[in-house]
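For ligands, and for the atoms within them, numbers begin at 1 and follow the listed sequence.
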Amino acid sequence: MGTAPTAGWLTWDPAPSAPTLALPPGAVDAHCHVFGPGERFPFAPERKYTPTDAGREQLFALRDHLGIARQVVVQATCHGTDNRALVDALDAADGRARGVAAVRGDVTDRELADLDRAGVRGVRFNFVKRLVDAVPTDELAAVAERIAPLGWHVVVYFEAADLPDLEDFLGRLPVPVVVDHMGRPDVTRDPDGPEFTRFLRFVDRHDVWVKVSCPERLSVTGPPAVGGERHAYADVVPFARRVVAEAGDRVLWGTDWPHPNLTDHMPDDGLLVDHVRHVAPTPEDRQRLLVDNPRRLYWPEHTEVAP
Ligand SMILES: O=C(O)/C=C(\C=C(/O)C(=O)O)C(=O)O
């Protein structure tokens with residue numbers, strides 16, 4: 001695979017609007033990535049897409065533009081298990097970022113210790129077939145056993161149809177589990193229907209954490225018309241509202257910047273912040289979603305909200 005971006009790649013919005021929602025002090029973007037830059041941090045040979053560069057400087061600029069205090073940088077599959085770009089961003093963030101890395105079963109204890117020192121607090125198990133080749137679950141289980149003493153957790157990314165085959169395995173992991181993008185529900189179905197109810201039953205049974213992120217990936221109705229009112233992705237809201245209502249002390253939110261692999265539009269990150277108003281309608285909901293929950297998971301040493 002060459003170094004040119006994947007054909008038709010939609011790159012991130014260099015000039016997002018200013019949110020109209022003022023975020024609470026200490027708000028955390030709990031799901032974002034860095035891509036390269038490729039000349040410093042080459043993309044993995046085994047990757048299934050090649051993005052445009054999206055480096056730490058742009059990531060931090062977005063943080064400041066949106067009124068966010070801290071970020072959780074999640075290793076993207078385009079970098080495979082080469083976590084150097086992630087660690088570089090953590091090193092430059094002056095304590096305002098934590099990381100979720102990608103590792104295989106042959107990771108050494110020294111490598112895990114170095115990642116922990118850099119600010120990594122979890123590993124990501126990606127089950128989305130268009131992104132990665134499958135890793136044997138016994139290898140993943142062994143990784144989970146080895147990160148447990150570090151106090152880390154596992155972030156998982158899967159399609160809704162994969163849940164029946166994964167829930168027993170995920171439920172047995174000896175560490176907290178965090179699900180990306182609500183497990184990618186089909187938002188054309190009933191948010192109170194059997195599919196999403198099964199997901200929330202899994203969340204409840206195993207105290208699973210859930211990111212109410214990526215409405216732009218899940219929505220069928222899409223963003224507002226240009227110049228329209230700023231209520232975007234209305235079809236995703238009932239699903240996210242259920243998660244906030246039923247697992248409010250284990251929900252997280254993130255921008256998913258720089259938004260890899262979108263095909264029909266690139267979201268305005270300012271709109272994604274405003275979308276939170278509809279997902280977490282009260283200030284108490286937003287305090288848990290944006291400040292208290294991510295602090296408990298990523299900055300437990302902070303007893304007070306640091307500015
Ligand atoms: O950024 C996301 O969380 C979603 C996607 C990509 C990845 O997670 C990744 O490459 O690591 C996707 O749906 O293509």
Taking only non-hydrogen atoms of H33 and a 4.0 Å limit, the atoms of ligand 1 in range are 1 (O), 2 (C), 3 (O)
Note: ligand 1 atoms sitting under 4.0 Å from heavy atoms of Y49 are 9 (C), 10 (O)
for atom 3 (O) of ligand 1, nearest protein heavy atom and its distance come out as H181 NE2, 2.8 Å
Under 4.0 Å from one or more heavy atoms of Y157, ligand 1 contributes atoms 4 (C), 5 (C), 8 (O), 12 (C), 13 (O)
Between the OG1 atom in T255 and the NE2 atom in H275, the distance rounded to the nearest 0.5 Å is 13.0 Å
Yes or no on side-chain hydrogen bond (donor to acceptor under 3.5 Å, both in side chains) for H259 and D13, after CA distance, side-chain angles and deciding distance? CA-CA 9 Å; H259 312 288; D13 181 346; over 6 Å; no
Heavy-atom contact check, 4.0 Å cutoff: does R130 meet ligand 1? yes
TODO: Using the salt bridge (charged side-chain N to carboxylate O under 4.0 Å, His left out) rule, take R121 and D116 through it: C-alpha gap first, then chi angles, then the decisive distance, then the call.
DONE: CA-CA 6 Å; R121 294 295 181 266; D116 190 72; 3.5 Å; yes
Would you call R198-E167 a salt bridge at under 4.0 Å N-O? yes
query = Is there at least one pair of N or O atoms, one from R217 and one from ligand 1, spaced under 3.5 Å apart?
reply = yes
Rounding to 0.5 Å, atoms CG (L200) and CG (D204) come to a distance of 8.5 Å
Near R124 (heavy-atom distance under 4.0 Å), the atoms of ligand 1 are 3 (O), 7 (C), 8 (O), 9 (C), 11 (O)
Check: of T77, D256, V128, min heavy-atom distance to atom 9 (C) of ligand 1 comes from T77
Query - salt_bridge(D180, R124) N-O dist < 4.0 Å - result: yes
Residues passing the side chain to side chain contact (heavy atoms under 4.5 Å, CB included) test with E46, sequence neighbours excluded, are A44
If we number the atoms of ligand 1 from 1 as shown, the ones under 4.0 Å from a heavy atom of L131 are 6 (C), 7 (C), 10 (O), 12 (C), 14 (O)
